[in-house]
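In what follows, a single structure is set out as structure tokens and then discussed.
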Amino acid sequence: MSNSQNSTPTNFIRQIIDQDRQTGKHGGRVHTRFPPEPNGYLHIGHAKSIVLNFGIAEDYQGLCNLRFDDTNPHKENIEFVESIQDDVHWLGYDWDDRLFYASDYFQHLYDFAVELIENGKAFVCDLDGEEMRAYRGTLTEPGRESPYRARSVAENLELFQRMKAGDFEDGARVLRAKIDMASPNMNMRDPTLYRIRHGVIHHQTGEAWCIYPMYDYTHPISDALEGITHSLCTLEFEDHRPLYDWVLDNISIPNHPQQIEFSRLNLAYTVVSKRKLTQLVDEGYVEGWDDPRMPTLAGMRRRGYSAASIREFCHRIGVTKADGLVEMGMLENCIREDLNAHAPRRMAVLHPLKLVIENYPEEKSETLKAPNHPKDESMGGREIEFCREIYIDRADFREQANKKYKRLVSGGEVRLRNAYVIKCEEVMKNNQGEIVELRCSYDPETLGKNPEGRKVRGVIHWVSARHGVKGEVRLYDRLFNRADADKVEEGGHFTDNLNPDSLRTLTDCYFEPALASAGVGEQYQFEREGYFILDSREAAREEPVFNRIITLRDSWAKIDKPGG
RNA sequence: UGGGGCGUCGCCAAGCGGUAAGGCACUGGGUUUUGAUCCCAGCAUUCGUAGGUUCGAAUCCUGCCGCCCCAGCCA
């Protein structure tokens, strides 16, 4: 039924690895790494990278390290270090004893920097930020060499040592590589290797250091130290590859991993940028990193998405160098496919309308059996309670409708799911003319069998008014109103694209009794409505709160024109 | 206008000189006590574009067009 996670389509990176193994490059080893910066929660875009890196390691009998790229203590903290580990584990991957931090290598990094200085390949520069920018040139004009570029090795050594010792203020000096100020590649114009940062407590190294290495310097060395063979990253780092290689070619380190770039994931109607997600959280547009509308793994988990479905999604979208925008439907199909196979069925009424079955005895009630899955008997069944007063959904009744409408109409018949066929005899309204109650009759001969000689319009779900459990349901919709959510009109802001109706809370819902014992993490299908899960943050509440994971496909919604 | 990438169906994506896989979406039809699921069928004479090479090109070459990334002491 489900082909989940069996399929790992090939891609250009796997082809490169295949070739490398044939030619014996890296001794035939495959060793990857997932290198997040702990400055935010992981999102669906990271999932693509995780599945790629850990997946390749698995398939080639290699290894994949988890490494925190923690070179900028200003933006990083321990909460993110922990959440990232939780999320990678939840997604289904493990790094055994290979949890590393770039900060583990601070001493090595320092020593290699000294080596660069000794070889005349790095220098301490006193230019401030603004001056540096001016000296850097532009995209079309070459830059000029820093006046400090010619300092002697001895002076550079001493100044760098004093930078480390804390003799200079933030921004006073940096260590720079001596490469080529005329390079058409901006990254090669004597890039900064180290900067000074006082007064921050690094989550791993505390106050041991007041100089911190830059990404472009740290990453290749960290990869090499760990024996990484293939260093996979996103397209925007393609321009950095010459620098990655330059660093490794100019220090005495044996390994030289191969950086390979792939395009990052763009998902329609959401943003996949840590900066923007951080803003949504910090400015209160959402409840937090785990808001069920967020494309973070924490949010998707709370929303009810399974790890398997996210993995499957990552397989289906593939890995290439072409940037695109993946439709939400792609993700939704993965979720539905998983949930359809595995979620037990239940009944819940979201917009209740009271319905009284007049020919059903006042005090009577009966216990009926209902299967948990229409096709999978191994999933068993549960008991539901039927009585004279029930709730149905308001959308399942219309006073009149054409024959396309397969639900209850005045004078018409409909099947109550897992129960009897009923007929609407009378519509009760209040003074405002609003329908407040339906009076019906039922056919006691229709339990488990169809009536003879007449055709029933359709099937609707229901919950006993006497036995049902009252509670809340949260309906989620796309977070943004436009597919390219980060596109902004002149003078606008991406938050202008936020969908004001991304969350709808329904507080007057009724769930069948079996749902009273629903546990955290259990996904259900509420028949004819969608897939739901108990909100893990509200699990302690007396009345249950369910999140809607995703609706059922609904071909009726497309043809339901007014008067239908 | 410098450099680096990318352009195959509405979306994602195979294809690697021998005559356009697959998935999603969509459209028909069948089954169905979920307008769900499931099943069956349809869905690119054409690969951004114009030339060239070749018996033969989405695949090789050249020009052009379009889109993305780069001027942090962020990653």
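Quick note on labels: first sequence line is chain A, next is B, and so on, each numbered from 1. Side chains are part of it too, since the values below use all heavy atoms of this structure and drop only hydrogens, waters and symmetry mates.
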Have A:S263 and A:D323 got a donor and an acceptor in their side chains that come within less than 3.5 Å? no

A:Y244 and A:D223: side chain donor to acceptor below 3.5 Å: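 Result is yes, a qualifying pair exists.
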
Check salt bridge (charged side-chain N to carboxylate O under 4.0 Å, His left out) between A:D396 and all other residues, then give those that pass, not counting sequence neighbours.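 Partners of A:D396 by the salt bridge (charged side-chain N to carboxylate O under 4.0 Å, His left out) criterion, ordered by chain and then number, come out as A:R407, A:R528.
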
My understanding is that only one of A:I392, A:L408, A:I390 makes a side-chain contact (heavy atoms from CB on, under 4.5 Å) with A:L353; could you say which? A:I392

Which part of the nucleic acid, if any, lies within contact of [X], taking any heavy atom under 4.0 Å across all strands shown: a base, the sugar-phosphate backbone alone, or nothing?
X      : value
A:L331 : nothing
A:V326 : sugar-phosphate
A:R275 : nothing
A:F237 : base
A:G448 : base
A:S183 : nothing
A:S555 : sugar-phosphate
A:G129 : base
A:H219 : nothing
A:R415 : base
A:I196 : nothing

May I ask you to decide if A:D190's main-chain N or O and A:R176's side chain share a donor-acceptor pair within less than 3.5 Å?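 Between the backbone of A:D190 and the side chain of A:R176 there is a qualifying donor-acceptor contact (under 3.5 Å).
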
Taking atom C1' in both B:A25 and B:C12, compute the distance separating them and give it to the nearest angstrom.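 It works out to 11 Å between them.
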
I'd like the C1' distance from B:C9 over to B:C74, given in whole Å.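 Rounded to whole Å, the distance is 40 Å.
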
[X] vs [N]: side-chain N/O to OP1/OP2 distance below 4.0 Å:
X      : N     : answer
A:Q259 : B:G4  : no
A:R264 : B:C6  : no
A:K558 : B:C26 : yes

Checking base pairs now: Watson-Crick or wobble, both atom distances under 3.5 Å. What partners B:U34?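 Partner of B:U34: none.
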
Indicate whether A:Y215 forms a stack on B:A75; treat it as stacked only if centroid distance is below 5.5 angstrom and interplanar angle below 30 degrees.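 Ring-base stacking flag not set for A:Y215 and B:A75.
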
Specify the residues of residues 139-149 of chain A, ordered by number, for which at least one heavy atom lies under 4.0 angstrom from an atom of RNA chain B. A:L139, A:T140

Check the interface with nucleotides 42-44 of chain B: list each N/O to N/O pair with the protein under 3.5 Å, or write none.
none

Look up atom CD1 in A:I384 and atom CG in A:L515, then write down how far apart they are to the nearest 0.5 Å. 12.0 Å

Just verifying a value: how many Å separate A:W289 CH2 and A:D282 CG, rounded to the nearest 0.5 Å? 7.5 Å

Can you check whether A:Y194 reaches A:Y217 side chain to side chain, under 4.5 Å on heavy atoms?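 When only atoms from C-beta onward are counted, A:Y217 and A:Y194 do touch, with a gap below 4.5 Å.
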
Are any non-hydrogen side-chain atoms of A:L235 and A:K321 less than 4.5 angstrom apart?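 Side chain of A:L235 against side chain of A:K321, heavy atoms only: contact under 4.5 Å found.
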
Kindly assign one of parallel, tilted or perpendicular to the pair A:F160 and A:Y110, based on the angle between their ring planes and the thresholds 30° and 60°. parallel

To the nearest Å, give me how far apart CD (A:E169) and C1' (B:C73) are. 14 Å

Can you check the A:L325 CG to B:C68 C1' distance for me, whole Å? 13 Å

Please pick, from B:C6, B:G15, B:U34, the nucleotide with the shortest atom-to-atom distance to any side-chain atom of A:A322. B:C6

In terms of the nearest nucleotide of RNA chain B, which residue is placed more toward the 5' end: A:Y420 or A:G318?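 This one resolves to A:G318.
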
Do A:F262 and A:F12 have ring centres separated by under 6.0 Å? no

